[in-house]
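Take a look at the structure below.
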Protein chains: 2
Amino acid sequence: MGDSLGIRKPTLEEVAAAAGVSKMTVSRALRGAPDVSPETRERVLKATEQLGYVGNQLALSLSSQRTNLVAVVVPSMSNIVFPEVLAGISVGLEGSGMQAVFGLSDYDARKERDVIRDMLSWRPSAIIVTGLDQPEDTVKMLRSAAIPVIQIMDLDGTPIDFNVGLSHGKAGEEMARALIAAGRRRFGYVGSVLERDLRAAKRKAGFERVLLEHRLAFIGQRIGDTLSSVCLGKYLTHELLRAEPNLDCIYYSNDDMAVGGAFAGMEASRTDDILMAGFNGLELAAALPVRIATSKSPRRMIGEVAARLARGSMVTGVPSSGKITAFVPEIIGIE
Amino acid sequence: MGDSLGIRKPTLEEVAAAAGVSKMTVSRALRGAPDVSPETRERVLKATEQLGYVGNQLALSLSSQRTNLVAVVVPSMSNIVFPEVLAGISVGLEGSGMQAVFGLSDYDARKERDVIRDMLSWRPSAIIVTGLDQPEDTVKMLRSAAIPVIQIMDLDGTPIDFNVGLSHGKAGEEMARALIAAGRRRFGYVGSVLERDLRAAKRKAGFERVLLEHRLAFIGQRIGDTLSSVCLGKYLTHELLRAEPNLDCIYYSNDDMAVGGAFAGMEASRTDDILMAGFNGLELAAALPVRIATSKSPRRMIGEVAARLARGSMVTGVPSSGKITAFVPEIIGIE
DNA sequence: CTGAAAGCGCTAACAC
DNA sequence: GTGTTAGCGCTTTCAG
């Protein structure tokens, strides 16, 4: 359990004693303040080294009334998309001295509120949350935190402060338009628990709006009752293909599901007459032996931009511009 | 930027004033201490509500000399395996009131050390790190942190305190044995930058040990110079198949690469005479239209067990037993 | 360039 | 049941 279980870690004061200066001087030297003589700094650094001193952020943050923390709340880790957003945040924060603290909401509004409250109790200097559909009380809590709130992924709604993402409604619309333009007419839908994944629901709604404009509709659909996965997509697609053998296109809640659909299509030898369309532009989708259509969502970039906004917040209070950063996903894999 | 930008958040003291009691009483009431009269508690809760009070963990932790933080350091988020470990940790921590703080090492020992130092400055009550191969100075830092150090994923080495994982050397050996038992003889290898992914390197070494026992060796191999991905696996497999057309089995650094290999095999119509073998047992691998071999690593479970150890540490100092939790991956997809 | 005093918001340990 | 006192380890502010 370490060399020194139960032995308090050295404090500034002890380093100061060892270096023969006051703790203020040590504090300054360690933070690289300009007004410390080189020799003093030298002695302080040596003492720090010898004692294995590690600063105490709790004391630092409490005393200085600011933290280097960015709270991040995402719904899940089971879909590679959110880890990629986190990776983007991590990159965007690099070199800023800021730390990301993550929490999972599990696509559950109550849980999200509790997680957010927990995170706020660490007094982060910014908070990044997923989506724009937080319930009233959560929004109130976020507002009164008096820190920048950065809502990511989704653009369809009213942001609290900053908003970085794309319109999922439009993404669904555009995909439908592109598929119809490419001659597809007999559409099916495969998704998973839509009331949990609000953004997938918005894409579906957008898709359906355009279908309606063209006097079309989903001929058949299958909605799973677990979270999206390749396996679920494959299973539901097999089912749907059995029920509706003459579809020429299936829209999926996301790429994981669509990849499963592509596998089902391969197994059913339907790769030539039916096109699977997903959302995200996963690396995996591009490597597939069959083509699928998808919208490339800039999830790493969303993370990076969000992180940049969070960094800014540590310096100034409010960047005056760029409250909303909108991305337009590129559609690939059609034609 | 919130309703009250720049306005200090309410403190215990203010809640106390509003409720007409001392801050100690508020503190006790909020923490659910037994010795507070129901009416007082009621008034305190009301005041808390009205003021929108959110506790300050910085002050709490500094004052009480303990945090509810578990530091977690993983190499990457780009491979679904680590997010899944994090999800497992998240589940394992649920209901304990503990928070996970994540950091990324990017498969870089220097960066890992810096990240660990940063995390330690928050005085977490336990730290979970990936692997057993930290350099000397990092180990020293971890030891002197005087908190439980939980090393996960890997078992091949000497743990600092707790160790939860599997032997990657043995995993490689077992896979080689199983493949040879199934009649495979002409092996190839496809991997990516092994000096970064130490565990993949251990699996490969184990695999080669068994090959040698059987007077066999890799006939051909391809090592990519980027991180593992489906795309890279596919590309390298195409290359390898061109160079060595009569392989009957390819071992991959992991399932992502192996899935790419499977795609390449499908494209080259080599699905019947060659078997791809990976590692992890990704959900994706099971859904594939062709069979691949893999070892199922219990990554969620590793996260959960690690989290449980971390929880224990908050209560007692040292759980006396179970310092090492060893998992044996199940091999699937052969025969 | 360096130091001393005060205090960040909370809890531990004791009084009452 | 409730209040008081004394810190936790650091920074801020003001003196020298």
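Throughout, protein chains are lettered first and strands after them, A, B, ... in sequence-line order, and every chain is numbered starting at 1. Side chains are part of it too, since the values below use all heavy atoms of this structure and drop only hydrogens, waters and symmetry mates.
There is no side-chain donor-acceptor pair under 3.5 Å between B:Q57 and B:Q99.
Listed candidates were D:dT11, D:dT4, C:dA4. Nearest to the side chain of A:S22 is C:dA4. Considering only side-chain atoms of B:K23, the nucleotide from C:dT11, D:dT11, D:dG1 that sits closest is C:dT11. Comparing C:dG9, D:dT4, D:dC10 by their nearest atom to the side chain of A:L62 picks out C:dG9. Considering only the side chain of A:S37, C:dC1 comes nearest among C:dC10, C:dC1, D:dT13.
On a pure distance criterion of 3.5 Å, a polar donor-acceptor pair joins the side chain of A:R28 and the base of C:dG3. Within 3.5 Å, no donor on the side chain of B:R41 pairs with an acceptor on the base of D:dG1, nor the reverse. Taking 3.5 Å as the limit, the base of D:dG1 and the side chain of B:T40 contain no donor-acceptor pair of atoms between them. Between the side chain of B:S63 and the base of D:dG7, at least one donor-acceptor pair of N or O atoms lies under 3.5 Å.
For the pair B:D35 and B:A59, both in contact range of DNA chain D, the more 5′-proximal nearest nucleotide belongs to B:D35.
As a whole-Å value, the separation of A:L58 CG from D:dT11 P is 12 Å. Straight-line distance from the CG atom of A:L30 to the P atom of D:dT11: 8 Å, rounded to whole Å. Atom pair B:R31:CZ and D:dT2:C1' shows a separation of 14 Å (rounding to whole Å applied). Rounded to whole angstrom, the span from the CD atom of B:E13 across to the P atom of D:dT4 amounts to 11 Å. Counting to the nearest Å, the P atom of C:dC10 and the CD atom of B:E14 are 9 Å from each other. One can place CG of A:L60 at 9 Å from C1' of D:dG9, the figure rounded to the nearest angstrom. Separating the CG atom of A:L12 from the C1' atom of D:dC8 is a distance of 13 Å, rounded to the nearest angstrom. Per the geometry, CD belonging to A:Q57 stands 15 Å off C1' belonging to D:dC8, to the nearest Å.
For A:S90 (side chain) and B:G103 (main-chain N/O), no donor-acceptor pair under 3.5 Å exists by modelled atom type. Between the side chain of A:R41 and the main chain of A:A33, a donor-acceptor pair closer than 3.5 Å is present. Checked by atom type and distance alone, the side chain of B:S144 pairs as donor or acceptor with a backbone atom of B:K140 at under 3.5 Å. Remark: the backbone N or O of A:L69 is not paired with any side-chain donor or acceptor of A:R123 at under 3.5 angstrom.
Taking 4.0 angstrom as the limit, A:R43 places none of its side-chain polar atoms (N or O) nearer than this to OP1 or OP2 of C:dT2. The side chain of B:R66 contributes an N or O atom lying less than 4.0 Å from OP1 or OP2 of C:dA12. Listed pair B:Q65 / C:dC10 fails the phosphate criterion, with no side-chain N or O lying under 4.0 Å from OP1 or OP2. Contact annotation: A:Y53 does not reach the phosphate of D:dG9 (side-chain N/O to OP1 or OP2, under 4.0 Å). Applying the 4.0 Å criterion to OP1 and OP2 of C:dG3, one finds that A:T25 has a side-chain N or O inside that range. A sub-4.0 Å separation between OP1 or OP2 of C:dC10 and a side-chain N or O of B:S27 is absent.
In this pair, B:F102 and A:F102 present their aromatic rings tilted. The plane angle is within the 30 to 60° band.
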